[in-house]
Every structure is written in C-alpha cells, then in structure tokens.
Amino acid sequence: MKKTILIGLFSAFSIAVFNSCTKTNSQTLASKAIEEGEEDEGYITIDTSQIPDDQFGESVRYGRELMMKTAYYIGPNGKNGQYLGNKMNCTNCHQDAGTKPHAFNLMSSHDNYPQYRGRENKVLTLAERVNNCIMRPHSGKPLPLDSKEMVAFLSYFKWISKFVPKDGNFKGAKNLEIEFPDVAASPERGKVLFAENCARCHGNNGEGVYNADKSGYTYPPLWGQYGYQPGSSMHRVIKQAQWLKSNMPYDKVQLGKPYLTDKQALDIAAYVNDDSQHTRPNPKTLDYPNKMGKPIDYAHSPFNDNFSEEQHKYGPYKPIIAYWKKQGWKAVY
C-alpha cells in the first residue's frame, strides 16, 4: 500500500519533537517518517503543515516562501529588497523548495556545511553557498549574512534537515546518475529533442514564460541575458543531464522513473549549454583554480589532462574518467 506523510508542500508547517536516547533528532524524525508514512518507493517526504507557532517557525515559513518566490521577494523589483539580477526562483532547480527527491535536493544541506567547494577552492559556510547561488544562477549581489532573508533561508534548511538521517544517506538525496555513451553529447541531436520535449514550456528561444504578474517564471529561461551564468552547475552538461533525467519533461517523467534516456538527456543539455548558439550573462566567469577539483564537464582550461575543452564539455567522457582513474585521481562530475 502506498503511504505518504505529504500534506501540502505549499502549506505553513510545524513539527513535533520526538525524543530518543539512542538517536539524534534528525534520525528520530526520519525513522518516524518511515514508520508513519514513507512512500513505498522509499522516498522520505515532509509534512509542511506543522511549523511551530513561534519566531523560529515564522523564519522557517519565510525561508520556504523565499525558495518558492525568490524573485517576488528579492528579485530586480523585489518586495523586500533587490538582490537578484533575474526573476528565476530557487525552486526552478531545487524543486518543491529543495525537498523533491532527485532535484538538487537540499534536505541535508544544513548538515553538510561548512563544506569544501572546488569552484572556489575553499571551505564555504552554508550562508556563503546561498550567496553563491544568488550571485551566479541569479546574477545578483550577496545577501548580508545577518539579513532577515539569509536567516530565513538557514532556518528553513535547518528545519527540513530534521526529516533525514544525519549521514545524508537517503533515497533521492542526489540526482539520478547518468550512464555515459561511447559518443559525445550532440547539440544537433539535442536541438531536435528540445523542440519535441522542452520548447512548449520554455519557448523556441529558451526565453521561458513569466507567471501572471511577471514577478517570476512559471517556466524559467534556459539561456539569454536572464538565464543562468556559465559558472552555474546547470551550465555543466553532465550535471544538467542528471537533473533532466530525474525531472523532465515534468508532465511525462515519474519520480525515480525517467522519460528521457541518458543519451537524450545529455544531448538536450549539450544544446541548451552550447555557447556558440546561446548567449549568457557574464560569459567570462571562470572558476576552479585547483585543477584537481575541477569537474570533468567544466569546459574551461587549464586541465589536469590533455583532453580538449570540447571533449571536457561534450564528451565522450569515458576516456577522461578512465585516464583519471589510471592516475589514481577521482574524476568529479
């Protein structure tokens, strides 16, 4: 029998505290979710109807609102400040405000930071990581670390972390993996697939579709001056393909059951991220000062190997991975 504790992802919520002498609070809540209603597919869902009626709960509610309607609150015409350079919302990538499985899930983010990030080649706090997203995909300026908005983001991440094990090992924590074909991803094939699967929502020119009051997007732009920057994770072909496989087309894919093949997802990501066809804001952004921490699908030299920028971007990836393995290195992607 299929069970769920999902009561409403857009509701206000609070949570009871379960006491245990042998488990952490997070582990207890995760176990409680399994006992009382984890879906039979093994996915943990959260009850968003139960925020405590106190100041912390108020901050959590606002944090979720910021995830869902980022541009409305802190976009170019934001109600509570102007920090974003475009009108995309966090939930466009971190779906269901970071709680959807296989969709850049954020439920362990509060426990995973501070964390080393190869892009900057240093350890970042969770607040710095939030600002990293605001400055790159959103082409914005950083939130003050003590601002109401930053505190709300962190409060929300802390709250949702209580539903998952402390070790971060739960189904849906990461996007689905890609099996790499022996050929390179093709923007040409991807263009055909984009027309068949993506253009009806994102537009033939990847411009996206605004919501009714134009405070944000129903379907976000995929390139152009209001799209994400080259330094964003979505600009990497493998990373985007994993997300596409897990989540698109939204009305055909099922949770954990892809509609696109791995090769199709890679081809669409190759087309969307083809900089020879599509412009982006701040295209000269370069990152990863440490070559060992650079993902293999990040297409800007220098590299720790002799493969070309084109192969790093589009593949085939198997030879790169094999070379890194032979050297005793871990290939990041």
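This one's a predicted model, so the numbers in the text were calculated from it and none came from an experiment. Count residues from 1 along the sequence.
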NZ/NE/NH1/NH2 to OD/OE distance under 4.0 Å, D287 and R136 = yes

Taking it one step at a time, do Q242 and E177 satisfy side chain to side chain contact (heavy atoms under 4.5 Å, CB included)?
-> CA-CA 6 Å; Q242 292 171 338; E177 293 296 326; 3.5 Å; yes

N121 and Y116: side-chain donor and acceptor closer than 3.5 Å?
-> yes

Between A184 and G315, the two heavy atoms sitting closest are CB-O, 3.1 Å

Neighbour count above 12 (heavy atom, 6.0 Å) for D54 CG | yes

For the residue pair F157 and F153, categorise the inter-ring angle as parallel (less than 30°), tilted (30 to 60°) or perpendicular (more than 60°).
-> parallel

Checking K245 side chain against L266 main chain: does a donor-acceptor pair fall under 3.5 Å?
-> no

Rounded to the nearest 0.5 Å, what separation is found between the CD atom of Q95 and the OG atom of S246?
-> 9.5 Å

Fit a plane to each ring of Y210 and Y217, take the angle between them on a 0 to 90° scale, and name the class: parallel (under 30°), tilted (30 to 60°) or perpendicular (over 60°).
-> parallel

List the atom of G224, the atom of P281, and the distance in Å for their closest heavy-atom pair.
-> O-CD, 3.2 Å

Are any of the side-chain nitrogens in R200 or D251 under 4.0 Å away from the carboxylate oxygens of its partner?
-> yes

Taking all non-hydrogen atoms of both residues, which atom of T99 and which atom of D96 are closest, and how far apart?
-> OG1-O, 2.7 Å

Distance-only polar pair, side chains of Y317 and Q311, donor-acceptor under 3.5 Å = no

Are K313 and D297 close enough for a salt bridge, meaning some N to O gap below 4.0 Å?
-> no

Exam field: side chain D274 to backbone S276, donor-acceptor pair closer than 3.5 Å = yes

With sequence neighbours excluded, give me every side chain to side chain donor-acceptor pair (under 3.5 Å) pair touching residues 181-196.
-> D182-K318, S186-E188, R189-D267

Contact check, side chains of Q225 and T279, non-hydrogen atoms, under 4.5 Å = no

Is it true that atom CZ of F170 has more than 12 heavy atoms of other residues, nucleotides or ligands lying nearer than 6.0 Å?
-> yes

Near E207 CD, under 6.0 Å, is it more than 12 heavy atoms from other residues, nucleotides or ligands?
-> yes

Q277 side chain near P187 side chain, heavy-atom distance below 4.5 Å = yes

Between Q82 (side chain) and G78 (backbone), is there a donor-acceptor pair under 3.5 Å?
-> yes

Between A97 and Y156, what is the shortest heavy-atom contact and its length?
-> O-OH, 2.8 Å

Considering all heavy atoms of both residues, which atom of A127 and which atom of L145 are nearest to each other, and what is their separation?
-> CB-CD2, 3.9 Å

Does any N or O in the side chain of S155 come within less than 3.5 Å of the main-chain N or O of F56, such that one atom is a donor and the other an acceptor?
-> no

Check the pair E309, F303 against side chain to side chain contact (heavy atoms under 4.5 Å, CB included), reporting the backbone distance first and the verdict last.
-> CA-CA 9 Å; E309 286 193 348; F303 303 114; 3.7 Å; yes

Take K122 and L124, measure what side chain to side chain contact (heavy atoms under 4.5 Å, CB included) needs, and give me the verdict at the end.
-> CA-CA 6 Å; K122 67 178 184 179; L124 297 185; 3.5 Å; yes

Verify, without hydrogens or angle tests, whether N175 (side chain) and F104 (backbone) share a donor-acceptor contact under 3.5 angstrom.
-> yes

Counting distance only, does the side-chain N/O of N89 pair as donor-acceptor with the main-chain N or O of T70 below 3.5 Å?
-> yes

With distance as the sole test, does S232 use its side chain to make a donor-acceptor pair with the main-chain N or O of Y228 at under 3.5 Å?
-> no

Look only at the side chain of R129 and the backbone of P114, and say whether a donor-acceptor pair between them is shorter than 3.5 Å.
-> no

Spell out, as yes or no, whether a donor-acceptor pair under 3.5 Å connects the side chain of H94 to the backbone of M67.
-> no

Give the minimum heavy-atom separation between P230 and N282, together with the two atoms involved.
-> CD-O, 3.5 Å

Candidate pair K87 and N211, rule side-chain hydrogen bond (donor to acceptor under 3.5 Å, both in side chains), full reasoning | CA-CA 10 Å; K87 293 187 177 183; N211 58 18; over 6 Å; no

Verify, without hydrogens or angle tests, whether N132 (side chain) and E128 (backbone) share a donor-acceptor contact under 3.5 angstrom.
-> no

Per-pair distances, 0.1 Å, donor-acceptor, side chain in residues 319-333, under 3.5 Å, sequence neighbours excluded:
from: W324; atom 1: NE1; to: D305; atom 2: OD2; distance (Å): 2.8

Cationic tip of K79 above Y73 ring, under 6.0 Å, 45° of axis | no

